[in-house]
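Reckoned from all heavy atoms, side chains included, excluding hydrogens, waters and symmetry mates.
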Amino acid sequence: MTKKRLSFLLMSEAGIGVVLVLLCLVFALYEPNFRKPNNISNIFTQISINTVISVGMTFVILLGGIDLSVGSVLSLCTILAGLVITNGDLGVPLAILLAILASLAGGIACGLFNGWVSERWRIPSFVVTLGMLNIARGSALSISNSRTIFNFPRVFNAVGTESYFGIPLIFLIALAIVLVGHFVLSYTVFGRMIYGIGNNEEAVRLSGHNVKFYKVTAFVICGMAVGLAAILYMLRLNIASPILGVGFELNAIAAVVIGGTSMSGGKGSLIGTLIGAAIMGVLTNGLLLVGLSDFARQIVTGFIIVLAVVLDTYRVKLSHMLE
């Protein structure tokens, strides 16, 4: 990577950060309730789930792929965890531990299926994950008998309300996951291979590396991130439901693309993704406070996704010019 291109990428992240700051200033000036401590804490809470899902989505999009199943997989993971954690035959500590493991196992299994099928038969990830969207949703409805699960242990519910210095614990967990993912992408061989495959898959293959392994593993990481997000969702709302997660895939994709990750793969960072998720959260919260309806907010979100993709095409062209 040339110095010019590296500088360009750093400036891109800085530019996204400036957009976030300006957005916060506009809403703070226009709507006094936006800058209240309770609302700021709510924003941190609201962006936590999308941030964790977006971490996994970043790995997939860096390869030039996509995962449309994350919302449905999240609902399936909550159901699996909810059934375990409400099992009266288990002690509370063991039930919580097994519930977390069940959620992670469900997410990893779905991610492994997506990656393996896509690579084994050379099917675009768009098609495979679209199929998984229906498989996971149907499985969640079947396993739960279309019912919502609640009455989790008190100690589990209490964790969801914990905060430190006004910052919710679930956001701190999400931030830790971002930092772990950033370390993997920036300072490990695996991370370099993810970027390499996204930029030039054939070159990585000819250099002797197992491209299929890295691509399948990226989907597994995405599934694992969804499993973690499912636990955070349960901590936040104290429910598990087979109808959760509708539209979560669009929010995650929007956060990743707004954060500067190229849909064509090979370019992006998790710091940018975190900023993108924050922009989505601030925008949603601010529009709600100014009285915009839910339908109008969905329209705005859709336009933002299209705008982010359009800007991505120009960003890619400029990046190639600097190479």
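Aromatic ring pairs are classed by plane angle as parallel below 30°, tilted from 30° to 60° and perpendicular above 60°; the pair F248 and Y233 is tilted. Between F27 and F34, the ring-plane angle classifies as tilted under the 30° and 60° cut-offs.
A chain of hydrophobic side-chain contacts below 4.5 Å, direct or via other Ile, Leu, Val, Met, Phe, Trp or Tyr residues, connects I96 to L232. No continuous path of hydrophobic side-chain contacts links I135 to V60 [ILVMFWY only; heavy atoms under 4.5 Å].
A donor-acceptor pair under 3.5 Å is formed between the side chain of T161 and the backbone N or O of A158. A donor-acceptor pair under 3.5 Å links the side-chain atoms of S118 to the main chain of I123, judged by distance alone. Judged by distance alone, the side chain of S163 and the main-chain N or O of G166 form no donor-acceptor pair under 3.5 Å. Side-chain atoms of T129 do not come within 3.5 Å of backbone N or O of M132 as any donor-acceptor pair. In this structure a side-chain-to-backbone donor-acceptor pair under 3.5 Å is present from Y195 to G268. Side chain of N134 to backbone of L130: a donor-acceptor contact under 3.5 angstrom is found. Counting only distance, with no hydrogens or angles, the side chain of T58 and the backbone of V256 share no donor-acceptor pair below 3.5 Å. For the pair T261 (side chain) and V257 (backbone), a donor-acceptor distance under 3.5 Å is absent.
With hydrogens and angles left out, the side-chain atoms of N285 and N42 include no donor and acceptor closer than 3.5 Å. Under 3.5 Å, the side chains of S75 and R137 contain a donor-acceptor pair of N or O atoms.
A 6.0 Å sphere centred on CG of L307 holds more than 12 heavy atoms belonging to other residues, nucleotides or ligands. Other residues, nucleotides and ligands contribute more than 12 heavy atoms inside 6.0 Å of the CZ atom of R122.
Going from atom SG of C77 over to atom CG of L244 covers 11.5 Å, rounded to the nearest 0.5 Å. Distance check: T45 OG1 to N39 CG gives 10.5 Å after rounding to the nearest 0.5 Å.
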Inset, instruction - Apply side-chain contact (heavy atoms from CB on, under 4.5 Å) to L172 and F44, showing your working. - result: CA-CA 9 Å; L172 295 176; F44 281 129; over 6 Å; no

Inset, instruction - Go through T273 and S54 one step at a time and tell me if the side-chain hydrogen bond (donor to acceptor under 3.5 Å, both in side chains) criterion holds. - result: CA-CA 7 Å; T273 294; S54 299; over 6 Å; no

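For the pair N114 and S69, the minimum side-chain heavy-atom distance is below 4.5 Å. In this structure, the side chains of L76 and S139 come closer than 4.5 Å at one or more pairs of heavy atoms. In this structure, L235 and F152 have side chains that are not in contact, with every pair of non-hydrogen atoms separated by 4.5 Å or more. For the pair S48/F171, a side-chain contact is recorded, criterion being any heavy-atom separation below 4.5 Å from C-beta on.
With P242 as the fixed residue, the side-chain contact (heavy atoms from CB on, under 4.5 Å) test singles out one of S72, S144, S142: S144. When the options N238, I239, T86 are evaluated for a side-chain contact (heavy atoms from CB on, under 4.5 Å) with I149, the one that passes is T86.
Nearest approach of M234 to I85, heavy atoms of both residues: CE-CG2, 4.5 Å.
Qualifying side chain to side chain donor-acceptor pair (under 3.5 Å) partners for Q298, counting only residues two or more places apart in sequence or in other chains: D294.
Within the structure, side chain to side chain donor-acceptor pair (under 3.5 Å) contacts touching residues 206-232 (residues at least two apart or in different chains) are E119-K215, E201-K215.
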